Amino acid sequence: MPQIFTDNFDSYTDGDLNGQGSWSSDILFDVQGTTTQGASAKAIRLVLDNANHAISKTGTATGTGNLIIYL
């Protein structure tokens, strides 16, 4: 399994995030290359519909490091 906090969406296919890179989500989380952060070519987009949605990733934990998330 991949490390949970090591990911790069640039290699993912545009469309559903579910099933890519050990991610599990509903169909409203999409990989896209229109709106990104910094030098990244792709990012995740959530289509908002006033409902609750969940996303998770399985993998092995890492002991040290930094976590940066742009929302």
Side-chain angles (χ1 to χ4, degrees):
M1 280 189 202
Q3 285 189 344
I4 294 172
F5 294 121
T6 301
D7 209 337
N8 184 333
F9 300 117
D10 292 353
S11 64
Y12 293 1
T13 303
D14 284 0
D16 270 346
L17 175 61
N18 188 46
Q20 297 193 68
S22 299
W23 285 98
S24 178
S25 67
D26 60 39
I27 62 170
L28 297 179
F29 289 90
D30 292 337
V31 178
Q32 54 81 40
T34 305
T35 304
T36 62
Q37 175 66 36
S40 294
K42 295 197 179 179
I44 304 304
R45 178 177 70 107
L46 170 61
V47 179
L48 297 176
D49 63 356
N50 295 324
N52 293 325
H53 298 284
I55 186 169
S56 63
K57 181 175 181 173
T58 58
T60 56
T62 183
T64 61
N66 295 320
L67 174 64
I68 299 172
I69 300 174
Y70 295 98
L71 300 175

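Computation of the quantities below employed the complete heavy-atom set of this structure, encompassing side-chain atoms and omitting hydrogens, waters and symmetry-equivalent molecules. On a predicted model such as this, the values are computed, not experimentally measured, just so you know.
The neighbour count for I27 CD1, taken as heavy atoms of other residues, nucleotides or ligands under 6.0 Å away, does not exceed 12.
F29 pairs by the ring pair (Phe, Tyr, Trp, His ring centres under 6.0 Å) definition with nothing, not counting sequence neighbours.
Using a 4.5 Å heavy-atom cutoff, the side chains of S40 and D10 are in contact.
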For residues 14-21, run the donor-acceptor check on the side chains, cut-off 3.5 Å, and write out each pair with its distance to 0.1 Å, sequence neighbours left out.
| unit_1 | atom_1 | unit_2 | atom_2 | d |
| --- | --- | --- | --- | --- |
| D14 | OD1 | K42 | NZ | 3.0 |
| N18 | OD1 | S25 | N | 3.0 |
| Q20 | OE1 | T13 | N | 2.8 |
| Q20 | NE2 | T13 | O | 3.0 |
| Q20 | NE2 | D16 | O | 2.6 |

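With values rounded to the nearest 0.5 angstrom, T36 atom OG1 is found 12.5 Å from F9 atom CZ.
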